[in-house]
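Note that the structure is predicted; figures quoted are calculated from it, not measured. Numbers restart at 1 for each chain; the letters A, B, ... are given by sequence-line order, proteins then strands.
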Amino acid sequence: MSAPVRVRYAPSPTGDPHVGNIRAALFDWLLARRTGGAFIVRIEDTDRAREIPGAKERILEALTWLGLDWDEGPGKGGPFAPYVQSERQALGVYAEPAERLLASGAAYLCYCPTERLDAMRKAQQARGEPSRYDRACRDPAQREAMRALNDAPVVRFKTPTEGRLGVRDALRGEVEFDLSLLDDFVILKADGFPTYHLGHIVDDHLMEISHVLRGEEWLPSLPRHHLLYEALGFEMPVMAHLPIVLGPDRSKLSKRHGATSVLDYRDQGYLPEAMVNFLALLGWSVDGSTELISRADLIERFGLDRVLSSSAVFDVQKLDWMNGVYMRSMTHDELAERLLPLLEVGLPEDAPRPIDPAYLAAVVPLEQERLKRLSDAPDLLSFFFVEQPRYNPMRIIRKGMARDGAREAIDRSLRAAEALDEWDAPSLERTYRALADELGLTSGQLFGALRVAVTGREAAPPLFDTMAVLGKQRVVARLRAAGGFLGAMPVAC
RNA sequence: GCCCCCAUCGUCUAGAGGCCUAGGACGCCACCCUUUCAAGGUGGAGAUCAGGGGUUCGAAUCCCCUUGGGGGCGCCA
């Protein structure tokens, strides 16, 4: 019988929630939900200098947006509270194991000044050697000498100077490391805070974590962690190093590739369900053909066994497609509801507020399949809401039409609109098809001219449905305005 | 430089020795539908499975080498 699955997402509040990072959180969450285990969030804020105010909140915001609810963690509490390392540090959580290692001789105090370490690294790099600590303070005499220069020691862990160590990674199998290449790394900083190495091992143990899913950038420190687990007498959880998420140039996805924060994607109008679907398929698959998968099915089908160990490029084009699919699969009401707040702030000033929900409900069906992202809406829908869309009147004159012809077409269209009693799409279509014939224009020409006059755009939803929704009054006013524009245009064209 | 990881269409992937003259999806192209734009439908181009050696009756699948890409080498995580 195996212990219950307990997984944790342990972000450091030093910036916005990166997609690669959040993908790890998603896998954690899926594994927990799949197995009926627990998903824990722990904040690793042991670097006070790099901490960014508000970052923690934004990370939690991202999880919430994606619907990755946590069972234990900030704002939630739990049997192993607190879940913030700075608070745990204050409680002495890390000092105790550090003392123990010191007492057993597995660790030692190091007084080397930062300047010395920096100089040493520089020299090593200049010589083309890997930079690592020279273990000066392992020697009591040297330690005393260093102490005279610096009275705030760190605690370093003694690593073996030779041998090889195989450590198991859940995705790759056994990975072998040369221990002689390891240096004595710091586990407790001069300020009393643990480094990542000590902090996460102690907390994962205390919090009874069963599986650690983290980025592949941690793979090189796996032997260190193995050694620490051993020295502390803790059992090592299952370790899985997830492949790196790459940018289009195949280097680690970063700011210069564009948006890296999932909150950026939220702000750009992507749907959380699309984001979850997309992220789940980055480095994991159900089979060879499933692309669209619901959250429920994701939970049902997820497993570490189908997680890849090769890195994947974050393909925004595919995300766009997928988001469009989710946009189209929403009910009109759902979409209208999500669009309303965006339109309130995003529509041009002259669109009347508050937005009439009934009118929006009529507009949404016409635009839904044309929206790729929520944020496309203010721009795409604005002509439905403003009094008079702005456009270049030249565009009313369609291919093969003269200015006078266009003018006449618009005038006649205006009169036809004014005379029309049945203001619905079929009646409008009948009327204007007949008018096109009468004017000797193709329907494409007339409809194109009308589309520009009525919407200000050359690409818009079906013309007559649009006119029907806009209403007779608006359409008449816009046609009248269009006639005026054409009349006022310089003759040159 | 050293260590580690990875390697199937441009991209995400299926493939766990014969079912592969390598399947799906995004993107791309063409056609159809059509009042525009979308959406949808149909079809197409696109991978000698990075290269070379083995193992085997048989290799995209196993082993080795090379090459390429990525990651790591902090009192950062």
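Pair check for B:rG17 finds none; no Watson-Crick or G-U wobble contact set falls under 3.5 Å. With a 3.5 Å ceiling on both atom-pair distances, B:rA45 lacks any Watson-Crick or G-U wobble partner. Searching all strands for a Watson-Crick or G-U wobble partner of B:rA25 with both distances below 3.5 Å returns B:rU11. When both distances must be under 3.5 Å, the Watson-Crick or G-U wobble mate of B:rA60 does not exist.
The backbone N or O of A:S86 sits less than 3.5 Å from a side-chain atom of A:D45, completing a donor-acceptor pair.
One finds no side-chain N or O of A:R224 lying less than 4.0 angstrom from the OP1 or OP2 phosphate oxygen of B:rA77. Not one side-chain nitrogen or oxygen of A:R214 sits closer than 4.0 Å to the OP1 or OP2 atom of B:rA77. Taking 4.0 angstrom as the limit, A:R433 places a side-chain polar atom (N or O) nearer than this to OP1 or OP2 of B:rU35. The side chain of A:S285 contributes no N or O atom lying less than 4.0 Å from OP1 or OP2 of B:rC12. Of the side-chain N and O atoms in A:R306, one or more sit less than 4.0 angstrom from OP1 or OP2 of B:rG15. Between A:S311 and B:rG69, a side-chain N or O to OP1/OP2 separation shorter than 4.0 Å is absent. Between A:K252 and B:rG69 there is no side-chain polar atom (N or O) within less than 4.0 angstrom of OP1 or OP2. The side chain of A:R370 contributes no N or O atom lying less than 4.0 Å from OP1 or OP2 of B:rU36. Using a 4.0 Å cut-off, no side-chain N or O of A:T114 falls inside it from OP1 or OP2 of B:rC75.
Among the nucleotides B:rG71, B:rU13, B:rC73, the one closest to any side-chain atom of A:P220 is B:rG71. Taking only side-chain atoms of A:P462, from C-beta outward, the nucleotide of B:rC75, B:rU36, B:rU13 with the closest atom is B:rU36. Here the nucleotide nearest the side chain of A:L246, chosen from B:rG70, B:rU35, B:rG1, is B:rG70. Closest to the A:E429 side chain, of the nucleotides B:rU36, B:rU35, B:rC75, is B:rU35. Side-chain atoms of A:K318 lie closest to B:rA25 of the nucleotides B:rA25, B:rU11, B:rG74. Comparing B:rG71, B:rA77, B:rG27 by their nearest atom to the side chain of A:S251 picks out B:rG71. The side chain of A:L219 lies closest to B:rC5, out of B:rG74, B:rA7, B:rC5.
Note on ring orientation: taking the six-membered ring where Trp is involved, the planes of A:H197 and A:W218 are perpendicular (angle over 60°, cut-offs 30° and 60°). Aromatic ring pairs are classed by plane angle as parallel below 30°, tilted from 30° to 60° and perpendicular above 60°; the pair A:H200 and A:H225 is perpendicular.
Contacts between residues 372-383 of chain A and RNA chain B, defined by a heavy-atom separation under 4.0 Å, are absent.
Taking the six-membered ring for Trp and the full ring otherwise, A:F383 and A:Y391 have centroids separated by 6.0 Å or more. The aromatic ring centres of A:Y270 and A:Y326 sit 6.0 Å or more apart.
Taking atom P in both B:rA39 and B:rA30, the straight-line distance is 15 Å, to the nearest Å. Rounded to a whole angstrom, the distance from the C1' atom of B:rA22 to that of B:rU13 is 13 Å. Comparing the C1' positions of B:rG53 and B:rU67 gives an interatomic distance of 14 Å, to the nearest angstrom. Rounded to a whole angstrom, the distance from the P atom of B:rC5 to that of B:rC62 is 16 Å. Nucleotides B:rC57 and B:rA47 are separated by 27 Å at their C1' atoms, to the nearest Å. The P atoms of B:rA59 and B:rU66 are separated by 24 Å, rounded to the nearest whole Å. One C1' atom belongs to B:rC26, the other to B:rG46, and the distance between them is 13 Å to the nearest Å. Only the P atoms considered, B:rG58 is 15 Å distant from B:rC19, to the nearest whole Å.
Within 4.0 Å of A:P461, counting heavy atoms only, lies at least one base atom of the nucleic acid. If you check every strand for non-hydrogen atoms under 4.0 Å, A:L282 touches sugar and phosphate atoms only. Within the nucleic acid shown, A:V186 comes within 4.0 Å of sugar-phosphate atoms alone, with no base atom in reach, counting heavy atoms only. Note on A:R164: only backbone sugar-phosphate atoms sit closer than 4.0 angstrom, heavy atoms only; bases stay farther off. Counting any heavy atom pair closer than 4.0 Å across all strands shown, A:G283 reaches sugar-phosphate atoms only and no base atom. Residue A:E217 is classed as a sugar-phosphate contact, given heavy-atom separations below 4.0 Å to backbone atoms only. Using a 4.0 Å heavy-atom cutoff across all strands shown, A:T442 reaches no nucleic acid atom at all.
Straight-line distance from the CH2 atom of A:W321 to the C1' atom of B:rC26: 7 Å, rounded to whole Å. The nearest whole Å value for the distance from the CG atom in A:D183 to the P atom in B:rC3 is 16 Å.
Considering CD1 of A:I293 and CZ of A:R301, their distance stands at 6.0 Å, rounded to 0.5 Å.
Heavy-atom contacts from other residues, nucleotides or ligands closer than 6.0 Å to CD of A:E174 number more than 12. In A:E96, the CD atom is crowded: over 12 heavy atoms of neighbouring residues, nucleotides or ligands sit closer than 6.0 Å. When the shell of 6.0 Å around NZ of A:K472 is examined, it contains more than 12 heavy atoms from other residues, nucleotides or ligands.
Residue-to-nucleotide contacts include a donor-acceptor pair under 3.5 Å from the side chain of A:R50 to the base of B:rC76.
Partner A:Y111 forms a side chain to side chain contact (heavy atoms under 4.5 Å, CB included) with one of A:R143, A:R116, A:Q142 and no other, that one being A:R143.
Nearer the 5' end of RNA chain B, as judged by each residue's closest nucleotide, is the contact made by A:F177, out of A:S221 and A:F177.
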